[in-house]
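Working notes, beginning with the structure itself.
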Protein chains: 2
Amino acid sequence: MNMQHYPSVILEDAVNEFAKLPGIGQKTALRLVLHLLRQDKSDVEHFGNTLITLKNEIRYCKMCHNISDSELCLICGDKTRDDKTLCVVENIKDVMSIENTQQYRGLYHVLGGIISPMDGIGPSDLEIESLINRVKTEPIKEVILALSPTMEGDTTNYYIYRKLSQSNIVISTIARGVSIGNELEYADEITLGRSILNRTLFSQ
Amino acid sequence: MNMQHYPSVILEDAVNEFAKLPGIGQKTALRLVLHLLRQDKSDVEHFGNTLITLKNEIRYCKMCHNISDSELCLICGDKTRDDKTLCVVENIKDVMSIENTQQYRGLYHVLGGIISPMDGIGPSDLEIESLINRVKTEPIKEVILALSPTMEGDTTNYYIYRKLSQSNIVISTIARGVSIGNELEYADEITLGRSILNRTLFSQ
């Protein structure tokens with residue numbers, strides 16, 4: 001589809017920019033650009049300026065490395081949150097997912113990835129050193145490891161666990177088990193096996 | 001999904017801009033924005049500026065009303081094209097589709113829509129008056145009506161046909177029949193019926 005005959009270089013440029021985005025092909029990109037052409041000039045200008053602002057003004061929180069508008073993110077700056085509990089996550093989306101549950105009132109630490117030798121990502125590429133520093137200097141009592149239940153996630157969990165094992169804090173991981181609402185017969189064996197081993201007392 | 005807790009207003013703005021696009025929800029928008037955050041600053045700035053340029057600098061050809069970078073589009077300005085044949089299409093995408101076939105060397109006329117009383121679109125909302133003027137003033141010998149084979153397309157075809165019937169030109173429509181590569185049994189009855197009525201002499 002790259003052999004399209006665009007009637008305009010400006011149109012083609014805009015289509016190519018959209019087509020660079022993941023999951024957006026040439027046809028979808030054209031549809032989006034033609035949609036923008038039908039919008040008000042001020043709306044499209046605002047869209048363009050938002051993208052420029054995004055890259056120029058966004059910052060990363062100096063404490064937790066989450067995306068932020070200022071030096072300290074809204075969560076780290078919130079004095080009502082529990083600064084004794086620290087939840088370690090892989091990326092920004094995970095912070096948003098956990099925030100959406102409204103079940104956690106502690107602070108976060110965003111690693112910026114997980115240890116993955118296949119992708120050439122080692123501990124030094126991640127915010128692990130700064131995590132260890134935070135545990136040393138902040139009044140943290142518990143570190144919750146909330147990484148994906150994959151091989152890479154487990155490796156990273158273990159690496160962090162080793163690094164923090166001298167510290168006098170509780171290290172926990174999020175519970176793994178059958179998903180709520182899922183049929184038991186579709187749960188994989190490892191998950192089901194673990195959910196039996198790690199069974200909890202029944203409560204209403 | 002609108003209750004997301006975004007860690008940054010700038011991030012949220014960018015996500016909301018993408019989520020305004022047709023077919024892009026809040027989750028996809030976030031994925032696209034996080035992708036852009038991983039790109040080079042200059043690339044994202046270029047994307048933003050392209051959008052601003054798009055809306056500010058794009059023009060419509062004064063002859064055929066196709067999207068253009070200048071007063072006259074590349075097709076209307078191309079002296080090697082057959083200026084005796086005019087193909088009437090609904091929109092810019094249709095011009096691109098026909099150009100991609102590489103089977104047509106004449107000029108185009110973009111109506112900017114089709115007559116659709118249901119959507120409140122009448123003949124005066126479309127570039128029909130300018131089409132009639134072109135037929136009067138240009139050396140056009142044939143007008144090909146290449147509108148969608150729908151009720152609205154047929155209505156528009158008929159309206160244009162009536163308007164041009166006094167002119168001494170050939171008025172044709174694109175052939176309708178079974179699609180090439182399609183199984184005959186899946187063709188709808190009307191299409192199949194017409195394709196028998198409008199059969200053409202066999203040629204190799």
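A note on names: the letters A, B, ... follow the listed sequences, proteins ahead of strands, and every chain is numbered from 1.
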For this session: Classify the side-chain pair Thr50(A)/Asp13(B) by whether it contains a donor and acceptor separated by less than 3.5 Å.
Result: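 No, no side-chain donor-acceptor pair sits under 3.5 Å.
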
For this session: Measure up the Phe18(B) and Phe18(A) rings against each other and bin them: parallel (under 30°), tilted (30 to 60°), perpendicular (over 60°).
Result: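 If you compare the ring of Phe18(B) with that of Phe18(A), the planes turn out perpendicular.
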
Exercise. Which one of Leu54(A), Ile92(A), Asn91(A) has the most heavy-atom pairs closer than 4.5 Å to chain B?
Worked result: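 Looking at each option in turn, the highest pair count goes to Leu54(A).
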
Problem set entry | For chain B, the option from Leu34(A), Leu37(A), Asn66(A) that forms the most heavy-atom pairs under 4.5 Å | Leu37(A)

Problem set entry | Distance (rounded to the nearest 0.5 Å) between Ile58(B) CD1 and Leu36(A) CG | 11.0 Å

Exercise. Between CG of Leu51(A) and CD1 of Ile10(B), what distance do you get to the nearest 0.5 Å?
Worked result: 12.5 Å

Exercise. Are Asn49(A) and Ile52(B) close enough, and set up right, to give a side chain to side chain contact (heavy atoms under 4.5 Å, CB included), and what steps lead you there?
Worked result: CA-CA 8 Å; Asn49(A) 285 323; Ile52(B) 295 168; 3.4 Å; yes

Heavy atoms of other groups near [X] [atom1], more than 12 under 6.0 Å:
X	atom1	value
Glu142(B)	CD	yes
Asn168(B)	CG	no
Glu138(B)	CD	yes

Let me know if [X] has heavy atoms under 4.5 Å from chain B in its side chain, its backbone, both or neither.
X	value
Ile75(A)	neither
Tyr108(A)	neither
Asp40(A)	backbone

For this session: Carefully, step by step, assess Glu45(B) and Lys55(A) under the rule side chain to side chain contact (heavy atoms under 4.5 Å, CB included).
Result: CA-CA 8 Å; Glu45(B) 274 187 359; Lys55(A) 195 65 189 179; 5.7 Å; no

Does any part of the side chain of [Y], heavy atoms only, come nearer than 4.5 Å to the side chain of [X], both counted from C-beta?
X	Y	result
Gln39(A)	Lys20(B)	no
Leu74(B)	Pro7(A)	no
Lys41(B)	Asn56(A)	yes

For this session: Compare every heavy atom of Lys93(A) with every heavy atom of Leu30(B), then report the nearest pair and how far apart it is.
Result: CD2-CG, 3.9 Å

Problem set entry | Closest heavy-atom pair and its distance - Arg31(A), Pro22(B) |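 Result for this residue pair: NH1-O, 3.6 Å.
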
For this session: Check the pair Tyr6(B) / Ile67(A) against side chain to side chain contact (heavy atoms under 4.5 Å, CB included), numbers first and verdict last.
Result: CA-CA 9 Å; Tyr6(B) 290 101; Ile67(A) 281 179; over 6 Å; no

Exercise. Between Asp69(A) (side chain) and Val9(B) (backbone), is there a donor-acceptor pair under 3.5 Å?
Worked result: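 Checked: pair present.
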
